[in-house]
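Counting from 1, the numbers follow the sequence of the chain as shown. The figures here come from the full heavy-atom set of this structure, side chains too, leaving out hydrogens, waters and symmetry mates.
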Amino acid sequence: MESYGITDRGLRRAQNEDAFLVRDDLGLYLVADGMGGHAAGEVAAAIAVREIEATVEATREHEDKTWPENWEVRLSLNANRLVQAILAAHRKVMATVESAVEFKGMGATVVAALLDLKQDTATVAHVGDSRAYLLRGGELKLLTSDHSWVHEQVVAGLLSEEAARNHPLKNVVTRALGGMQEPAVDFMELKLNDGDTLLLCSDGLNTMLEDGDIRNILVTSPALGQAANRLVAAANERGGLDNITVVLVRARA
């Protein structure tokens, strides 16, 4: 695998409430986007990254016969590991929210990928509107579906894609770590081909750039570091209204 991660404050926010993780040894890659303002969003994102990393690392030696009781037999090993890691992060964020008044209302969205290099597979899971894309053969495909109010309106046919992009409620998420209810974690598994590139990002990237813009930068930037930095720069050139985080992972035979 090749991988690269970068985060940027953007041009309008006073601080960076995003966080990311690149762990080639675990095959774990993730982006967390904190919410809540002041230091709270930053705290929630950091907790999410730390708890997911710890849970995935603690379960790396699990085999089917030793699965914990709360794991689902219908899911693969890595799907169980990643889903349970995200739920553990949610519970940790909730406990922190309840521990002090200054953390009230904080939360985070998260998107993560867990790779199995022996099986050439990737498990992708998310809560909220942070996204995962797959670049394969020059074509860019969105793997996740935003858990946001405006996306639900688009799916229902009540808003167009263009109206959703500029809607004043575009940042309202319907699922997040730290909400009152335990969030449903959406996940998918896919077979990786040689040259496939996974892109994980906070919404500070895709709200500034069209998918076609993202694709063009990826296909014209052979080095992952160059591609990630160009994506951040392009988002800032379009206004940089939010924090911008990009994690790229490329499969090699």
Side-chain angles (χ1 to χ4, degrees), residues 1 3 5 19-33 45 47-94 107-136 141-148 151 173-179 181-194 196-202 247-252:
M1 305 303 300
S3 60
F20 73 91
L21 179 74
V22 170
R23 283 286 302 269
D24 292 330
D25 60 318
L26 288 178
L28 176 63
Y29 309 89
L30 69 93
V31 169
D33 183 351
I47 290 172
V49 168
R50 187 166 61 246
E51 194 68 19
I52 293 169
E53 179 183 20
T55 304
V56 169
E57 188 156 29
T59 57
R60 69 192 305 177
E61 302 300 330
H62 272 299
E63 297 180 359
D64 293 1
K65 62 184 179 182
T66 61
W67 285 9
E69 291 183 0
N70 60 332
W71 286 21
E72 297 189 34
V73 295
R74 66 183 181 87
L75 304 185
S76 70
L77 174 61
N78 273 358
N80 269 296
R81 293 172 70 202
L82 196 53
V83 169
Q84 291 303 320
I86 290 173
L87 292 177
H90 163 73
R91 291 188 286 269
K92 189 69 172 181
V93 172
M94 275 300 301
T109 69
V110 66
V111 60
L114 184 58
L115 277 56
D116 183 340
L117 299 186
K118 293 180 180 179
Q119 301 295 326
D120 296 326
T121 60
T123 303
V124 176
H126 83 294
V127 171
D129 59 359
S130 294
R131 289 184 172 185
Y133 291 87
L134 173 68
L135 181 72
R136 172 177 290 171
K141 178 182 180 182
L142 177 61
L143 299 178
T144 53
S145 180
D146 294 348
H147 301 145
S148 67
H151 180 69
V173 296
T174 54
R175 298 187 211 175
L177 308 186
Q181 293 184 332
E182 186 167 272
V185 181
D186 285 354
F187 73 94
M188 66 173 300
E189 296 183 287
L190 65 151
K191 197 76 172 178
L192 292 174
N193 297 334
D194 180 34
D196 282 354
T197 300
L198 287 171
L199 162 64
L200 310 180
C201 65
S202 60
V247 169
L248 292 170
V249 189
R250 179 175 293 152
R252 288 297 189 194

Go through the steps for L135 and L199 under the test side chain to side chain contact (heavy atoms under 4.5 Å, CB included), then give the verdict. CA-CA 8 Å; L135 181 72; L199 162 64; over 6 Å; no
Working for side chain to side chain contact (heavy atoms under 4.5 Å, CB included), residues R81 and T55: CA-CA 8 Å; R81 293 172 70 202; T55 304; over 6 Å; no
Decide side chain to side chain contact (heavy atoms under 4.5 Å, CB included) for L28 and L82; before the verdict, give the C-alpha distance in whole Å, the side-chain angles of both, and the deciding distance to 0.1 Å. CA-CA 9 Å; L28 176 63; L82 196 53; 4.2 Å; yes
Checking Y133 against C201 for the side chain to side chain contact (heavy atoms under 4.5 Å, CB included) test, could you report, in this order, the C-alpha distance in whole Å, the side-chain angles of both residues, the deciding distance, and whether it holds? CA-CA 9 Å; Y133 291 87; C201 65; 4.1 Å; yes
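No hydrogens or angles considered: nothing links the side chains of S130 and D33 as a donor-acceptor pair under 3.5 Å.
For the pair E189 and T121, the minimum side-chain heavy-atom distance is 4.5 Å or more. In this structure the side chain of V49 reaches within 4.5 angstrom of the side chain of L30, judged on heavy atoms. Using a 4.5 Å heavy-atom cutoff, the side chains of L248 and Y29 are not in contact. Side-chain contact check for L115 versus L198: some heavy-atom pair is nearer than 4.5 Å. Two residues are said to be in side-chain contact when any heavy atoms from C-beta on lie closer than 4.5 Å; I86 and H90 fail this criterion. No side-chain heavy atom of L21 sits under 4.5 Å from any side-chain heavy atom of I52. In this structure, the side chains of L75 and F187 come closer than 4.5 Å at one or more pairs of heavy atoms. No side-chain heavy atom of H147 sits less than 4.5 Å from a side-chain heavy atom of V173.
Checking each of R175, R131, H126 against D146 for a side chain to side chain donor-acceptor pair (under 3.5 Å) leaves exactly one that passes, namely R131.
Residues A125 and V185 approach most closely at CB-CG1, 3.9 Å, considering heavy atoms. D196 and R136 get closest at one heavy-atom pair: OD2-NH2, 2.6 Å. When all heavy atoms of S148 and T174 are compared, the pair lying nearest together is N-OG1, 3.6 Å. Contact record, V127 with P183: CG1-CB, 3.9 Å, taken as the closest heavy-atom pair. What you find for S3 and V22 is that their closest heavy atoms are OG-CG1, 3.3 Å. Taking each heavy atom of A132 and T144 in turn, the nearest pair found is N-OG1, 3.1 Å.
Between the OG1 atom in T59 and the CG atom in L77 there is a gap of 7.0 Å [rounded to 0.5 Å]. To the nearest 0.5 Å, atom CE of residue M1 and atom CG of residue L192 are 6.0 Å apart. Considering CZ of R74 and CG of N80, their distance stands at 9.0 Å, rounded to 0.5 Å. For the atom pair CD1 of I47 and CG of L177, the computed distance is 10.0 Å after rounding to the nearest 0.5 Å.
Listed for the T109 side chain is no donor-acceptor partner under 3.5 Å among the backbone atoms of A176.
For NZ of K118, the number of neighbouring non-hydrogen atoms (other residues, nucleotides, ligands) closer than 6.0 Å is 12 at most.
Salt-bridge check for D25 with R23: passed, with a basic side-chain N closer than 4.0 Å to an acidic carboxylate O.
Evaluation of the salt bridge (Lys or Arg N to Asp or Glu O under 4.0 Å) rule for R250 yields no partner, not counting sequence neighbours.
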